[in-house]
Number of protein chains: 2
Amino acid sequence: MFLSTRVRYGVRALIELGMNYQKQSVLLKDISKRQNLSLKYLDHIFMQLKTKGIIKKIKAKKGGYLLAKPPEKITLYEIIEAIEGVRRIECLDDENICSRSSHCGARIVWKRLNAKVDEVLKNITLKDFIRESKKFEQMDESVVFSV
Amino acid sequence: MFLSTRVRYGVRALIELGMNYQKQSVLLKDISKRQNLSLKYLDHIFMQLKTKGIIKKIKAKKGGYLLAKPPEKITLYEIIEAIEGVRRIECLDDENICSRSSHCGARIVWKRLNAKVDEVLKNITLKDFIRESKKFEQMDESVVFSV
DNA sequence: TGAAATTCTATTTATTTAGTAGGATTAATT
DNA sequence: AATTAATCCTACTAAATAAATAGAATTTCA
Ligand code: FES
Ligand code: FES
């Protein structure tokens with residue numbers, strides 16, 4: 001499974017919002033600095049996440065972004081769909097692409113494959129990413145304390 | 001899950017070989033005609049499938065291709081790997097791509113995701129494609145007989 | 001030896017992805 | 001009310017990848 005850099009950057013940024021869920025909003029500028037990602041590129045990505053209702057903005061000075069819903073309600077499927085669209089084999093949705101689509105055995109299997117992969121993507125949520133990230137955060141703290 | 005046209009054409013061609021498994025070899029030219037695919041393009045694809053040991057060639061006049069092993073032993077994972085390589089997020093295999101890879105929560109989840117998707121791909125074999133294709137073949141025959 | 005098949009390398013074209021630029025808009029703060 | 005620091009939006013460029021084509025070399029059956 002290959003994921004575009006857009007999706008990967010998007011997830012890294014969403015993790016930051018998730019870590020602050022129900023605390024304060026996060027500035028794109030800060031994410032860009034901390035994660036060392038282009039502000040302008042993140043800008044695009046966030047525009048799409050907002051349109052799809054995954055994040056909310058606070059526009060103006062001291063603004064920033066917030067998650068629009070709890071991390072466990074944001075699936076990876078949803079994030080991918082928002083950022084790059086879930087690209088599909090054309091003849092799955094449109095019968096008219098392939099002349100023989102009504103008699104194509106491959107098509108049946110492609111449908112089954114997509115259903116399974118979609119299920120995997122829907123069972124991973126932002127919460128999973130945050131849980132793993134917090135583990136590292138704790139590790140870092142314990143290192144500091146033991147010095 | 002998006003699959004390149006190369007993989008889809010490859011599978012369609014492999015189905016044809018599979019339908020003739022342990023009968024006679026199949027000519028690329030005939031596949032190209034029946035499936036309406038460019039001969040030269042199939043040429044590339046078959047070269048890779050051959051290198052990876054999925055098919056065998058019979059070179060020369062009246063030559064053609066054969067499956068190198070039974071359809072149920074040829075997984076979709078294997079086909080994709082042969083034709084387009086299993087493209088992965090770079091930092092999964094190489095720790096040095098991202099500076100923070102040893103402390104990245106996302107990376108853990110990406111690994112888990114890849115393992116699950118790979119499993120799905122390994123559980124689909126050419127046999128599945130052939131089974132579905134044969135269903136249509138039978139349907140066609142029954143239509144012919146009923147006329 | 002000729003014909004019909006695969007083999008191989010190189011090139012071209014189209015599409016998608018990644019990234020940049022610059023200004024418009026919004027609203028909190030002064 | 002002006003300033004300012006943020007998001008918003010449109011357009012563009014560059015790089016990478018995918019799709020397709022071209023042409024000649026090689027193999028071996030008949
Ligand atoms: S229907 Fe499109 S490839 Fe079979
Ligand atoms: S290690 Fe590469 S994005 Fe986290």
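Keep in mind that the numbers below use all heavy atoms, side chains included, and drop hydrogens, waters and symmetry copies.
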Which atom of A:G63 lies closest to which atom of A:L27, heavy atoms considered:
O-CD2, 3.4 Å
Taking any atom closer than 4.0 angstrom to a non-hydrogen atom of chain B, what span of DNA chain D does the protein reach, first nucleotide to last?
D:dA18 to D:dC29
Applying the 4.5 Å side-chain criterion to the ILVMFWY set and letting contacts propagate, would B:Y41 and B:L28 be lumped into a single cluster?
yes
Would you kindly give the CG-to-C1' distance between A:L42 and C:dT20, to the nearest whole Å?
13 Å
Please give, in whole Å, the distance from C:dA28 C1' to A:K61 NZ?
7 Å
Is B:Y65 touching bases, backbone alone, or none of the nucleic acid, heavy atoms closer than 4.0 Å?
sugar-phosphate
Judged by atom type as modelled, is there a donor-acceptor pair below 3.5 Å linking the side chain of B:N114 to the main-chain atoms of B:K111?
no
Whole-Å distance, B:D30 CG to C:dA5 P, equals 8 Å
Okay, side chain of A:D43, backbone of A:L39: is any donor-acceptor separation there less than 3.5 Å?
no
If you find the nucleotide of DNA chain C closest to A:S38 and the one closest to A:K57, which residue's nucleotide is nearer the 5' end?
A:S38
Give a yes/no answer on whether the side chain of B:K29 brings an N or O atom under 4.0 Å of OP1 or OP2 in C:dA4.
no
First locate atom CG of B:L113, then atom CD1 of B:I89, and finally report the distance between them rounded to the nearest 0.5 Å.
7.0 Å
Output the rounded distance in Å from OH (A:Y9) to C1' (C:dG19).
9 Å
Ranking A:K50 and A:K62 by the position along DNA chain D of their nearest nucleotide, the one closer to 5' is A:K62
Between A:K135 and A:E132, does at least one N-O distance fall below 4.0 Å, as a salt bridge requires?
yes
A:R12 to A:Q35 - nearest heavy-atom pair and separation:
NE-OE1, 3.0 Å
On DNA chain C, nearest-nucleotide positions of A:R8 versus B:L39: which is more 5'?
B:L39
Rounded to the Å, how far apart are A:Q48 CD and C:dA18 P?
12 Å
Separation of C:dA18 atom C1' from A:L37 atom CG, nearest Å, is 12 Å
Any side-chain heavy-atom pair from B:C104 and A:F136 closer than 4.5 angstrom?
no
With a cutoff of under 4.5 Å between side-chain heavy atoms, which Ile, Leu, Val, Met, Phe, Trp and Tyr residues group with B:L66?
B:I58
Checking contacts here: which listed nucleotide (C:dT6, C:dA28, C:dT20) is nearest the side-chain heavy atoms of B:L28?
C:dT6
Could you state the atom-to-atom distance from CD1 of B:I45 to P of C:dT6 in whole Å?
14 Å
I'd like a table of atom pairs between the protein and nucleotides 9-17 of chain C - only N or O on both sides, under 3.5 Å - with the distance next to each one.
residue, atom, partner, partner atom, Å
C:dA10, N6, B:H44, NE2, 3.4

Whole angstrom is fine here: how far is it from CD1 in B:I58 over to P in C:dA4?
18 Å
